[in-house]
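Working notes for the structure below.
Numbers restart at 1 for each chain; the letters A, B, ... are given by sequence-line order, proteins then strands.
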2 protein chains.
Amino acid sequence: MEHVILGFLTMGDMTGYDIKRLMSISTSFFYDASYGSIYPALRKLEERGLVKSSEAIESGRLRKVYSITDEGREEFLRWLGGPPGESKFKYDFLMRMFFFAHLPKEKIEAAVTQHLSEIRAVSKKLEMIEFAVRGKADIYQMYTLRFGKDFFAFLQSWFERFLDELKNGNPGEPGVEKGDTL
Amino acid sequence: MEHVILGFLTMGDMTGYDIKRLMSISTSFFYDASYGSIYPALRKLEERGLVKSSEAIESGRLRKVYSITDEGREEFLRWLGGPPGESKFKYDFLMRMFFFAHLPKEKIEAAVTQHLSEIRAVSKKLEMIEFAVRGKADIYQMYTLRFGKDFFAFLQSWFERFLDELKNGNPGEPGVEKGDTL
DNA sequence: TTATTCATGTAATTTGTTACATGATTCT
DNA sequence: AGAATCATGTAACAAATTACATGAATAA
């Protein structure tokens, strides 16, 4: 988390609010943080000398603008270049799906349908973001966004097929379908 | 978390150790828990009357076998049928990737290569699990597993292409490639 | 005989969320 | 006038990890 904030501050000086806003239009589909974690993190980073802040009143509003220090930059690069440590991935819906056998068919279909509409919403959002961000982001940031688009497209087609098989009855068991590369 | 444990206990009576073992061969690719969260959760569930335990000494070893109560079953079904609440998904590697511009090319390629080998390892594990579990799991559990296989296959091909584009230089920017459906 | 698996658990810490509290400014 | 956005922050709580501590049984 602290490293993520340092990363955002390498893009320019920002307030906590700015960081949150930037996250929501760039990384929110795989990483998002609340103010309750951003502000305390910034304070801790300042205590450790990795960022510094300057308060200013811009158009009547108090803004506490943070910037990354040289030590902060070093720490950020140490993290980025360091060992990745098993990249965990989490996906809550799958846990429910794992236990769907306890649910009547209509409820399963309703749950999957709703999940699909969430997926479509994220897809749409990502496309808007890509449009808005074009030119401003570097290639790796564009690749990350691209990953998001591709991933949600994958999810969409997977769950569409799943829903279809639930409704129409599928020929063969899920794991032993004809045409499978086994 | 508590609901996940309840879910596992609907499959049969188990010890905390058993739950962890079952997780590792079924849901670990998207959900895994440590003993430090399983045992305290079981105690809380027992306090709330959702599970009950019986201690027995089997072949010299103390085993505290938990079973789900009727109230536990109700609670589990309430959760499963209830509102899903935005299914978050998290994927740490993407955060590093987002900032790859700060890293020299060799380090980026090394990181992606290593990540790919992790992905391949999980793929392999999932295939073994599918084989081992065939017949024992219900269709939704098989679908969940299938999702895992398909997802990791997607990851593999995505990052293989990414690595290829990094090495060979890609024709066009990531977001505006020829052949893209835009 | 030694390492691994089986088996249970606690304590400290980390990490983060949700809800609350406050208030000015700017858009409608 | 009122809603939304900009802006900062705290406090209570929740969830879970890591490391530690213990010990018997079994497989190599």
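Both A:Tyr31 and A:Gly60 sit near DNA chain C, but only A:Tyr31 has its closest nucleotide nearer the 5' end. When each of B:Glu2 and A:Lys88 is assigned the nucleotide of DNA chain D with its nearest heavy atom, B:Glu2 is the one assigned upstream, toward the 5' end.
By the 30° and 60° cut-offs, the orientation of the rings of A:Tyr140 relative to A:Tyr143 is tilted.
Within residues 34-54 of chain A, the residues approached by DNA chain C to less than 4.0 Å at the level of any non-hydrogen atom are A:Ser34, A:Gly36, A:Ser37, in residue-number order.
Taking every heavy atom of both residues into account, B:Ile5 and B:Ala41 meet most closely at CD1-CB, 3.6 Å.
Rounded to 10 degrees, the angle separating the terminal helix axes of the helix from C:dT1-D:dA28 to C:dT28-D:dA1, each built from five base pairs, is 50°.
From the 5' end on, the contacts that DNA chain D makes with chain B at under 4.0 Å to a non-hydrogen atom open and close at D:dA16 to D:dA25.
In summary, of the residues considered (B:Leu116, B:Ile119, B:Leu155), a side chain to side chain contact (heavy atoms under 4.5 Å, CB included) with B:Glu160 occurs for B:Leu116 alone.
For A:Ile19 and C:dG16, the CD1 to P distance is 14 Å, given to the nearest whole Å. Nucleotide C:dT15 holds its P atom 16 Å from the CE atom of B:Met95, rounded to whole Å. What separates NZ of B:Lys90 from C1' of C:dT15 is a distance of 9 Å, to the nearest Å. Counting to the nearest Å, the C1' atom of C:dA7 and the OH atom of B:Tyr66 are 12 Å from each other.
Contacts of B:Arg63 with the nucleic acid, taken as non-hydrogen atoms under 4.0 Å apart, involve only primed sugar atoms and P, OP1 or OP2.
Judged by distance alone, with hydrogens and angles left aside, the side-chain atoms of A:Glu109 form no donor-acceptor pair with the main-chain N or O of A:Glu106 at under 3.5 Å. Counting only distance, with no hydrogens or angles, the side chain of A:Lys20 and the backbone of A:Ala33 share a donor-acceptor pair below 3.5 Å. Side-chain atoms of A:Ser53 never come within 3.5 Å of backbone atoms of A:Val65 as a donor-acceptor pair (strictly under, hydrogens ignored).
Annotation: B:Phe151 is in aromatic contact with A:Phe151 [ring centroid separation under 6.0 Å]. Ring centroids of A:Phe159 and A:His115 are separated by less than 6.0 Å, placing the two rings close together. Not less than 6.0 angstrom separates the ring centroid of A:Tyr31 from the ring centroid of B:Tyr91.
In the model, B:Ser28 has a side-chain atom that pairs as donor or acceptor with a side-chain atom of B:Lys125 under 3.5 Å.
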Please walk me through it: do B:Lys167 and B:Asp164 pass salt bridge (Lys or Arg N to Asp or Glu O under 4.0 Å)?
CA-CA 5 Å; B:Lys167 282 183 173 162; B:Asp164 184 68; over 6 Å; no
